[in-house]
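One structure is given here, and the rest of the page talks about it.
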2 protein chains.
Amino acid sequence: MLPKATRRGLADEAADLVRDAIFAGRIAPGARLREVNLAEELGVSRGSVRDGLAQLEKEGLVRSGWHRSTTVIDVTPRDVQEVYELRAALDRLAATTARRAATEAGLDALDGLIAGMEERARDGASDSELAAADLAFHDQIYHLADNDRLTAAWHTIRSQIRLFHLCRIADAAADYRARVVEEHRKIVDLLRGDDEPALARYAQEHVDIARRVLLATMEEAPS
Amino acid sequence: MLPKATRRGLADEAADLVRDAIFAGRIAPGARLREVNLAEELGVSRGSVRDGLAQLEKEGLVRSGWHRSTTVIDVTPRDVQEVYELRAALDRLAATTARRAATEAGLDALDGLIAGMEERARDGASDSELAAADLAFHDQIYHLADNDRLTAAWHTIRSQIRLFHLCRIADAAADYRARVVEEHRKIVDLLRGDDEPALARYAQEHVDIARRVLLATMEEAPS
DNA sequence: CGACCATCGAATGTCAACATTCGACATTGA
DNA sequence: TCAATGTCGAATGTTGACATTCGATGGTCG
């Protein structure tokens, strides 16, 4: 499968740039994004910046109102609760649908992703890399489910989840590193099996575990 | 509670106008929406139309690509399958969350909505009115769940569901009219009860029934 | 006769200037 | 001193003109 090579506009480019800046920590949660500033900084027109910010709003990374600056979302316990509750429902549907529709090649791809994940966990890759591998694994499950609307819903919270990962504290990361491979391997096992209720249950539990760990770190160190 | 009196821009206005035109049947599924035409017809600039169409795309009512006209979505069996599968998962989460968080006043509001629904079903209101009452009922459940991300996900398929309703054939409408009150009343009963698994199951079943009826009418008369 | 390619028209992407609106600061009065 | 209000600056909403791209049409070559 070749990379998409899809023709994109400046708006998408601007959205990518701003998104990366947020994930790199160069733009903090809660910061205000002024269209004029970004337009000048990125070297594109305000219209393009505007469209790009609209895309980021679709991803839930920023919020905006009438004649009010768009701001990067805050990361509060409530936000985490909301996103992970929704994610549990989506992951459950994605997993059960993928189990019925998946081909052998598709499941093998999941094995490959887990292998890469294991390698990174052992070699001491950065937390960010590990989190990216985690997301890539779930991306593949959504891809196997082959439901455009479901994938779109996933994309409306995917970026927020990635942002949450940036707030993880060190000890939580160690805990995460110890479990991540095992948990994902269990998902693949269930995808290959016949017990759909068990798969549905575990897909939700996988998310619930992540939610609880994340909320615990936030209460310990409320930044 | 006063009406919001929220200040809106021309883009939102344009989005509302186009959305209504689609629901009124003045713009058919699959039709191409040219920015220049709409701008002239609505008396606003192309930029505003552009933003409005972006909003409709967020609702899944239209699709667009790079340098390609945005088009109203088609209603194929696959679209129905995708949307209703996702809706089942969302409704399940909304119902179970609402059961835990709902106040007595909130549940009473549901009773009121059902009463209005029953009245309309008896007095021979139009299918469109009945469908609107149906959506209003589920809107209230999402409101009770009090999860902004979940509500946002609901809004990305709500308009599509309304569009699907327009394709319903007469005999399916009769069937729908006979069951609609009973089914929704059962949901409220379960919301007031203690059996969460039963509520989760029935919230999904309620959607599955609608999906099957709709798909059956589409196979009989594939427009 | 079929397939490939250049050309053209129409529609979208981009831009910079103008109009409108919000939030904050200073001012005034009790 | 505090609260209400008028004023001002800065940022967003809106607009029309310009640049770019897609799809079709027609022609040419194998």
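Scope of the values below: all heavy atoms of this structure, side chains included, with no hydrogens, waters or symmetry mates.
- Atom pair D12(B):CG and dT12(D):P shows a separation of 17 Å (rounding to whole Å applied).
- Qualifying ring-ring contact (aromatic ring centres under 6.0 Å, His included) partners for H206(A), counting only residues two or more places apart in sequence or in other chains: H138(A), H184(A).
- Residues from residues 44-57 of chain B placing a heavy atom under 4.0 Å of any atom in DNA chain C, listed by number, are R46(B), R50(B).
- Sorted by first then second residue, the salt bridge (charged side-chain N to carboxylate O under 4.0 Å, His left out) pairs that include residues 125-144 of chain A, not counting sequence neighbours, are D127(A)-R177(A), D139(A)-R158(A).
- The ring-ring contact (aromatic ring centres under 6.0 Å, His included) check on F23(A) picks up nothing, with sequence neighbours excluded.
- A sub-4.0 Å separation between OP1 or OP2 of dC22(D) and a side-chain N or O of W66(B) is present.
- We find that CZ of R68(B) is positioned 14 Å from C1' of dA24(D), with the value rounded to whole Å.
- Protein chain A contacts DNA chain C over a range whose 5' and 3' limits, counting nucleotides with an atom under 4.0 angstrom from a non-hydrogen atom, are dT14(C) to dG23(C).
- Looking at which nucleotide of DNA chain C each of G9(A) and R34(B) is closest to, the 5′-most match is held by R34(B).
- A salt bridge is defined here as a Lys NZ or Arg NE, NH1 or NH2 lying under 4.0 Å from an Asp or Glu carboxylate O, and R46(A) with D51(A) fails to meet this definition.
- Nearest heavy atom pair, residue R99(A) against residue L191(A), reads CG-O, 3.1 Å.
- If you check every strand for non-hydrogen atoms under 4.0 Å, L33(B) touches sugar and phosphate atoms only.
- Side-chain contact check for N147(B) and Y142(B): no donor-acceptor pair (N or O, by modelled atom type) lies under 3.5 Å.
- In terms of the ring-ring contact (aromatic ring centres under 6.0 Å, His included) criterion, Y84(A) has no residue partners (sequence neighbours excluded).
- Of the N and O atoms on the side chains of D148(A) and T151(A), not one donor lies less than 3.5 Å from an acceptor on the other residue.
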